Amino acid sequence: MAFADLLEHVGGMGRFQVASVILLAMPILMMASHNLLQNFTAATSDHHCRLHWEANATILDPQDLLRVSVPRGEQCRRFVKPQLWLLEANGSALNDSWLETEPCRDGWTYDRSVFTSTIITEWDLVCSSRGLKQLAQSLYMAGVLVGGIVFGGLSDRFGRRSLLTWCYLQMGVMGTCSSFAPTFTVYCLFRFLTGMAFSGIVLNSVSLSLEWMPTRTRAVVGTFMGYCYTTGQFLLAGIAYAVPDWRWLQLTVSLPFFGFFLYSWWLTESARWMVMVGKSQQALKELQKVARINGKKEEGDKLDIEALKSYMQKEMTSSRSHHTVFDLVRTPVVRRISCCLCFVWFSTSFAYYGLAMDLQNFDVNIYVIQLIFGAVDFPAKLVSVLTITFVGRRFTQSLALILAGLAILANILVPRELRTLRTAMAVFGKGCLAASFNCVFLYTGELYPTVIRQTGMGLANTMARLGSITAPLVKMVGEVFPVLPFVIYGAAPVVSGLVAIFLPETRDKALPESVEEVEDRWDGEGHVGGGEDRWAGRWEEDGARGGKKGG
């Protein structure tokens, strides 16, 4: 018997599970608001140098004053002296590039028609300081990476619910502090800590929800959580439109986490985790409570410590096997899987955030493009589920990445005047990357054996975070070579899509339990055009063994 059988014994997908999923999903709706927040809080408005002689030039209207003060199209320099001769009839036809200019010594004047205030206008992150905008997002993503490492380990020691409650509080406090940050440095520090909390919420929400779910409903619950994040992108566009000031917007998306913190005390700790750490008596009480909520009080009252241990025997036996991160590269097949998945996770996250965090590049209303970018995830994930189910994981993963990369590369050749076509290509690419994410989550779990599955997922999460950290930094290269960032964003998924061809196919295959089983099963498979016939007979044997093991 296994813990999954125990969950069915106390109600399966009952009232308790439904209520837990809803409560865990509500914060997920707000996660996109923090992950993609800098699209709005760090939006760059049209700007030009502030003019130190404005007060003495009252005889000129603003347009004429700007014409005689700043070179045409220039955002980072101004004339040393006003050039009144440019107001003459033929002044616009003359070349003013030879005139003496100077940097913006008195700051900048910004167009506030769309965004009344952003961190760009607050701390003048333009011209020589424009790279700091990308640095802020990279530091946030670095916090997400660190949070995954720190809170992932702590949740195994102190429990999923305890860490989730703490992360809700940290998200609320750090997000609120970000809205009151007096300097850019302090703002980056609070955003880093917010990123840590984000990672902790994602990891522990998924763990807590799935560990209370019967096996037959896990895929549905996981998909539901994913769509909650997608819906959150719509929510972000609406909130950002209603709240154009960055401090109020930051505060608006942070305050709900105090409410999530308060009701998180009702959430129930994972009984599976409690048994694994020796808290069997407490786990028994929680299971009996779940049975009562699900209308299975009699079945719950029949449970005792011995029955609980018999249900958990399989999990406890597996936990006694000690494995390390070196098992991910120790044997040939697992090493090949790890290397290929590292490419896939890194490039998917890298290209995804390269597109999702550069909405202003498409010269379309930023609120509309945010809605479109969110909407494309719905059909993209649906199509990916269908191809994953009926065609295969390897095909879906490879095709999604290659199409995404080709769409990004093709956009380089599209003139900026064709805004609709550029936007359509970007939306298609972003949808393919969303499909890639949807596939790789499932694919990674099926490729790694049970004994090192969490370790493998940890490596995958690290590579994804490195991709999201690198994506904003690559934009800085665009200051020197404007096309190069998009070449890199497009080439990375194409290369990793080709690499994904060398992964084994896992469709309709039993989950592997040990490293040795992976080596035996997939030795010689995963190469283009090879291994399928050779291992057809062995898959039948594995299917039989998998049935005995409970899949």
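Position 1 is the first residue of the sequence, and the numbers go up from there. Bear in mind that the values here come from a model prediction, so they are computed numbers and not experimental data.
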Closest heavy-atom contact between R422 and P415? CD-O, 3.3 Å
How close do M225 and I28 get, counting heavy atoms only, and between which atoms? O-CG2, 3.6 Å
Hey, what do you get for CE (M31) to CG (L37), rounding to the nearest 0.5 Å? 12.0 Å
Stepwise, does the side-chain contact (heavy atoms from CB on, under 4.5 Å) test hold for L401 with V494? CA-CA 6 Å; L401 285 168; V494 170; over 6 Å; no
Whether S138 side chain and I469 backbone form a donor-acceptor pair below 3.5 Å: yes
Looking only at heavy atoms, the pair that brings T252 and P256 closest together is O-CD, 3.2 Å
After noting the C-alpha distance and the side-chain angles of F260 and F257, does the key distance pass the ring-ring contact (aromatic ring centres under 6.0 Å, His included) rule? CA-CA 5 Å; F260 304 146; F257 285 90; 5.2 Å; yes
What is the distance from atom CG of L236 to atom CG of L29, rounded to the nearest 0.5 Å? 12.0 Å
Working for side-chain contact (heavy atoms from CB on, under 4.5 Å), residues L355 and Y489: CA-CA 8 Å; L355 283 178; Y489 290 141; over 6 Å; no
Looking at CG of L145 and CG of L466, how far apart are the two atoms once the value is rounded to the nearest 0.5 Å? 5.5 Å
How long is the span from the OG atom in S436 to the OH atom in Y443, to the nearest 0.5 Å? 11.5 Å
Using atom types as modelled and distance alone, determine if a side-chain donor or acceptor of R507 lies under 3.5 Å from a backbone N or O of T389. yes
Between F40 and Y241, is the gap from one ring center to the other below 6.0 Å? no
Is there less than 2.5 Å between the SG of C127 and that of C76? yes
Donor-acceptor check, side chain of Q134 to backbone of V474, threshold 3.5 angstrom: yes or no? no
T121 side-chain N/O to T118 backbone N/O, donor-acceptor pair under 3.5 Å: yes
Indicate yes or no: at least one non-hydrogen side-chain atom of M141 is less than 4.5 angstrom from one of Y353. yes
Would you please classify the geometry between the Y187 ring and the W246 ring as parallel, tilted or perpendicular, with 30° and 60° separating the classes? perpendicular
Heavy-atom closest contact (S205 atom, L164 atom, distance): OG-CD1, 3.5 Å
Mark yes or no for whether T116, through its side chain, and R112, through its backbone, hold a donor-acceptor pair below 3.5 Å. no
Does V202 reach the side chain of V144, with side-chain heavy atoms less than 4.5 Å apart? no
Give me the atom names and distance for the closest heavy-atom approach of A142 to F192. C-CE1, 3.7 Å
Can you list every pair that meets salt bridge (charged side-chain N to carboxylate O under 4.0 Å, His left out) and has a residue in residues 364-387, with sequence neighbours left out? D377-K430
Sub-3.5 Å donor-acceptor pair from the side chain of R161 to the main-chain atoms of W265, do we have one? yes
Does Y448 form a side chain to side chain donor-acceptor pair (under 3.5 Å) with S338? I'd like the steps, not just the answer. CA-CA 9 Å; Y448 283 119; S338 297; 2.9 Å; yes
Under a 3.5 Å distance rule, please check whether R393 uses its side chain to pair with a backbone N or O of I388 as donor and acceptor. yes
If only atom types and distance count, is the side chain of T348 paired as donor or acceptor with the main-chain N or O of W345 below 3.5 Å? no
State the CG-OH distance between N438 and Y227, to the nearest 0.5 angstrom. 7.0 Å
S117 (side chain) donor-acceptor with D245 (main chain) under 3.5 angstrom: no
Any chance you could measure L341, atom CG, to L459, atom CG, to the nearest 0.5 Å? 8.5 Å
Looking at side-chain heavy atoms only, is the closest gap between V414 and N411 below 4.5 Å? yes
For the pair R247 (side chain) and S179 (backbone), establish whether a donor and an acceptor sit closer than 3.5 Å, ignoring hydrogens and angles. yes
Heavy-atom closest pair (A380 atom, A435 atom, distance to 0.1 Å) is O-CB, 3.8 Å
Once the angle between the rings of Y110 and H47 is folded into 0 to 90°, is it parallel (under 30°), tilted (30 to 60°) or perpendicular (over 60°)? tilted
